[in-house]
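Just so you know, these numbers come straight off a predicted model, no measurement behind them.
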Amino acid sequence: MTVIACHECDLLQRKITLPPGRVARCVRCGAKLYRVEYRSLDHTLALTVAAAIVFILANIFPIVSLQIQTTRNDTSLINAVHILLDHGMWPVAGLVFFTTFLAPFAVLAIMIHILLSLKRGYIPAGIAPVMRVLQIVNPWGMVEVFIIGVMVALVKLTHYGTLIPGMALWSLGVLTLLMTLTASSFDAHDIWNRVRFATPTKRQPVRAATLTAAGRGLLSCHVCGLLSSGGHGGRTVHCPRCSAPLHFRKPDSVARSWAFLVAAYILYIPANVLPIMETSSLFGAQADTILSGIIYLWHSGSWDLALVVFIASIMVPLLKLIALTLLLISVQRRSTWQPMQRAKLYRVVELVGRWSMLDIYVVAILAALVQIGPLATINAGPGALAFGAVVVLTMLSASEFDPRLIWAPIQKEEIDHE
C-alpha cells in the first residue's frame with residue numbers, strides 16, 4: 001500500500017489505482033493529488049515537440065504590422081522587449097521577456113529533455129534539479145495572457161492605421177492551445193515512477209482519516225511527492241529522491257507572505273493613479289491610466305474587451321490583495337472558520353493571479369508598434385512599472401503562503417477530542 005500526503009492540507013491517504021483520464025482528489029480539502037493519463041509519455045512528448053516548433057515560429061515572425069500611409073512598422077516579441085529597454089523601462093522589459101519567452105522556453109526545453117530521455121529508455125540527466133526548476137518556472141509562463149493582451153492592443157491601434165496580422169499572431173494562438181494541452185497531460189507522478197533510483201519510504205499505516213504527515217513525523221516533498229522521515233532537532237533534511245529541501249511547514253511562510261503583500265498594497269495606488277502609457281503626436285501629448293484605457297475600449301464599442309481588462313487589471317489585483325489578507329489573518333488567529341472555502345479561495349488566488357499581466361502586455365505591443373517619429377509615439381509610463389511590481393508581489397505572496405496552515409487548527413481540535 002502506498003501512502004501519499006496532500007500538499008495543501010497534509011492529510012495522509014492511500015494511493016489507489018485509477019483508470020486513465022481520472023483525477024484523484026483529497027478527501028478533506030478537494031485538492032488535486034494526482035492524475036492518470038492514457039499513454040502519458042507518448043502523448044505529452046508529441047504535444048511538447050509540436051509546441052516547441054510553434055514557439056519558434058511565434059518568435060521569429062512578426063506578431064502584427066501597422067501600416068500608416070507609406071510607413072510600416074513590424075513588431076515581434078523580442079522587438080517589443082527591445083523598445084522597452086530603449087525607453088529605460090528595463091524592469092518591465094525583463095518581466096515581459098521572462099514571462100513570455102524565457103519561462104515558456106525553459107518549460108518546453110525541460111519537458112522535451114525529460115520525456116525524450118524516458119522514451120529512449122534511460123533516466124534523464126539531472127532529473128532532480130530540472131524537475132525542481134520546472135516546478136518553479138511553470139507558473140510564470142503567460143503565453144495565454146499575452147495573446148489576449150495582443151488582441152486588446154489591436155483594438156486600440158485601429159484608429160492609427162491599417163493592421164496586418166503576422167505569422168506569429170496565429171502561432172501564438174496555436175501555442176496557447178498546445179501548451180494548455182501539454183500542461184494537462186504532463187503527469188509528474190508518472191515521471192517519478194519511471195525513475196528507479198529513489199530511496200523508498202517505509203510504508204506507514206493510516207490510523208485515522210484525519211492523520212497528517214506532520215503528525216506522523218513525515219515530510220512530504222512538494223517536487224516529487226515522496227514521503228520521508230526526519231527533520232527533528234532543527235536539522236535540514238533533503239528529499240532522498242530529488243534532493244529538494246524538506247520542511248514540515250514552509251519556513252517563515254506567514255511573515256514572507258505578509259512582506260510581499262504589504263509591498264503590493266503600497267504600490268497598488270501608484271499603479272492605478274500614475275499613467276501606464278504616454279502618447280505623443282502632432283495633436284499633443286496624452287497620459288492614460290489603466291482606468292482611462294478601459295473607458296476608451298468601452299466608448300470605442302469593444303465593451304467585451306473593456307470588461308476583460310477591467311476584471312484582469314482592476315478587480316483581480318484588488319481581490320487578490322483582499323483574499324490574501326483574509327487568509328493570512330485567519331491562519332495567524334488559528335481560525336477554524338470555513339477551512340474548505342478558504343482552501344478554495346487560495347486555489348482561485350493562485351489560478352487568476354497571472355491574468356493581471358494583461359495591461360503590461362498591451363503597453364509592450366503598443367510601444368513597439370507606435371514609433372512613428374513626430375507623427376505618433378507611445379511609451380510605457382511609470383504606472384506600468386508599479387503595476388508590474390504589484391502583479392509579481394501578489395504572485396510571490398501567494399506562493400509563500402502555506403495552505404497547510406489553514407488546516408492546522410482543525411487537526412489540533414480533532415486530536416484534542418480523541
Side-chain angles (χ1 to χ4, degrees), residues 2-13 15 23-26 29 31-37 40-41 44 48 103-104 106-118 122-141 182-202 204 212-214 216-231 235-253 256-257 346-347 350-351 395-396 398-405:
T2 302
V3 178
I4 59 175
C6 174
H7 289 169
E8 291 195 14
C9 73
D10 208 35
L11 184 70
L12 288 175
Q13 294 157 84
K15 186 175 181 179
V23 176
R25 295 192 177 275
C26 176
C29 71
K32 178 181 174 181
L33 297 175
Y34 56 91
R35 179 187 180 94
V36 179
E37 291 290 340
S40 173
L41 186 62
T44 308
T48 308
V107 168
L108 291 173
I110 289 173
M111 291 181 69
I112 288 176
H113 166 64
I114 293 172
L115 296 170
L116 193 58
S117 298
L118 292 175
Y122 58 85
I123 296 175
I127 176 66
V130 297
M131 284 293 282
R132 295 203 299 272
V133 171
L134 179 63
Q135 185 185 51
I136 293 171
V137 301
N138 197 39
W140 295 93
T182 300
S184 65
S185 66
F186 185 77
D187 186 357
H189 288 272
D190 181 53
I191 300 298
W192 287 113
N193 287 337
R194 294 169 184 265
V195 178
R196 298 300 182 187
F197 63 84
T199 302
T201 305
K202 293 181 180 179
Q204 301 288 339
T212 62
R216 295 288 294 177
L218 298 174
L219 295 160
S220 176
C221 179
H222 280 222
V223 177
C224 70
L226 187 70
L227 281 173
S228 307
S229 58
R235 294 183 295 107
T236 301
V237 178
H238 291 83
C239 176
R241 178 157 65 179
C242 71
S243 300
L246 302 178
H247 307 280
F248 287 109
R249 296 294 180 264
K250 291 182 181 180
D252 303 318
S253 167
R256 293 184 183 188
S257 188
Y346 169 73
R347 288 177 213 137
E350 278 206 315
L351 179 66
M395 290 184 67
L396 290 174
S399 68
E400 287 296 330
F401 181 79
D402 192 337
R404 293 173 294 185
L405 295 175

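- With values rounded to the nearest 0.5 angstrom, I123 atom CD1 is found 12.0 Å from I191 atom CD1.
- With values rounded to the nearest 0.5 angstrom, S229 atom OG is found 11.0 Å from R216 atom CZ.
- For E400 (side chain) and A398 (main-chain N/O), no donor-acceptor pair under 3.5 Å exists by modelled atom type.
- Between C6 and Q13, the closest side-chain pair of non-hydrogen atoms falls below 4.5 Å.
- Closest of all the heavy-atom pairs between L118 and P124 is CD2-CD, 3.8 Å.
- With a 4.5 Å cut-off on side-chain heavy atoms, I110 and V133 count as touching.
- Residues satisfying the ring-ring contact (aromatic ring centres under 6.0 Å, His included) test with H113, not counting sequence neighbours, are none.
- Every residue two or more places apart in sequence or in another chain that forms a side-chain contact (heavy atoms from CB on, under 4.5 Å) with L116 is listed here: L45, R120.
- By the side-chain hydrogen bond (donor to acceptor under 3.5 Å, both in side chains) test, S253 pairs with no residue at all, sequence neighbours left out.
- With sequence neighbours left out, T182 forms a side-chain hydrogen bond (donor to acceptor under 3.5 Å, both in side chains) with no residue at all.
- Judged as a side-chain contact (heavy atoms from CB on, under 4.5 Å), and not counting sequence neighbours, the contacts of S220 are A5, H7, L227.
- Under the side-chain hydrogen bond (donor to acceptor under 3.5 Å, both in side chains) criterion, Q135 pairs with no residue, sequence neighbours left out.
- Interatomic distance, Y346 OH to L351 CG, rounded to the nearest 0.5 Å: 12.0 Å.
- We find the CG-OG distance between L218 and S228 to be 8.0 Å, quoted to the nearest 0.5 Å.
- Looking at residues two or more places apart in sequence or on another chain, you find no side-chain hydrogen bond (donor to acceptor under 3.5 Å, both in side chains) involving Y34.
- Note that the NZ atom of K250 and the CZ atom of F401 stand 9.0 Å from one another [nearest 0.5 Å].
- Here the side chain of N138 pairs no donor or acceptor atom with the backbone of V107 at under 3.5 angstrom.
- Taking 4.5 Å as the limit, some side-chain heavy atom of I114 sits within range of a side-chain heavy atom of M131.
- In plain terms, the two heavy atoms of C242 and A128 that are nearest each other are O-CB, 3.2 Å.
- The ring-ring contact (aromatic ring centres under 6.0 Å, His included) test applied to F186 returns no partner, not counting sequence neighbours.
- Side-chain contact check for S399 versus P139: every heavy-atom pair is 4.5 Å or farther apart.
- The salt bridge (Lys or Arg N to Asp or Glu O under 4.0 Å) search around R25 returns none, not counting sequence neighbours.
- Listed by chain and number, the residues in a salt bridge (Lys or Arg N to Asp or Glu O under 4.0 Å) with R132 amount to none (sequence neighbours excluded).
- A pairwise comparison of heavy atoms in H247 and L219 identifies C-CD2, 3.4 Å as the closest pair.
- The two residues R347 and A31 make their nearest non-hydrogen contact at NH2-N, 3.3 Å.
- I127 contributes atom CD1, which lies 10.0 Å from atom CZ of R241 (distance to the nearest 0.5 angstrom).
- For the side-chain contact (heavy atoms from CB on, under 4.5 Å) test, residues two or more places apart in sequence or in another chain that qualify with I112 are T48, A52.
- Looking only at side-chain heavy atoms (C-beta outward), M111 and L134 come within less than 4.5 Å of each other.
- For the residue pair T212 and C9, the shortest heavy atom distance occurs at CG2-O, 4.2 Å.
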| query | Taking it one step at a time, do K15 and V3 satisfy side-chain contact (heavy atoms from CB on, under 4.5 Å)? | reply | CA-CA 6 Å; K15 186 175 181 179; V3 178; over 6 Å; no
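- In this structure, F248 and G217 approach most closely via the heavy-atom pair CE2-C, 3.8 Å.
- For the pair E8 and R404, the minimum side-chain heavy-atom distance is 4.5 Å or more.
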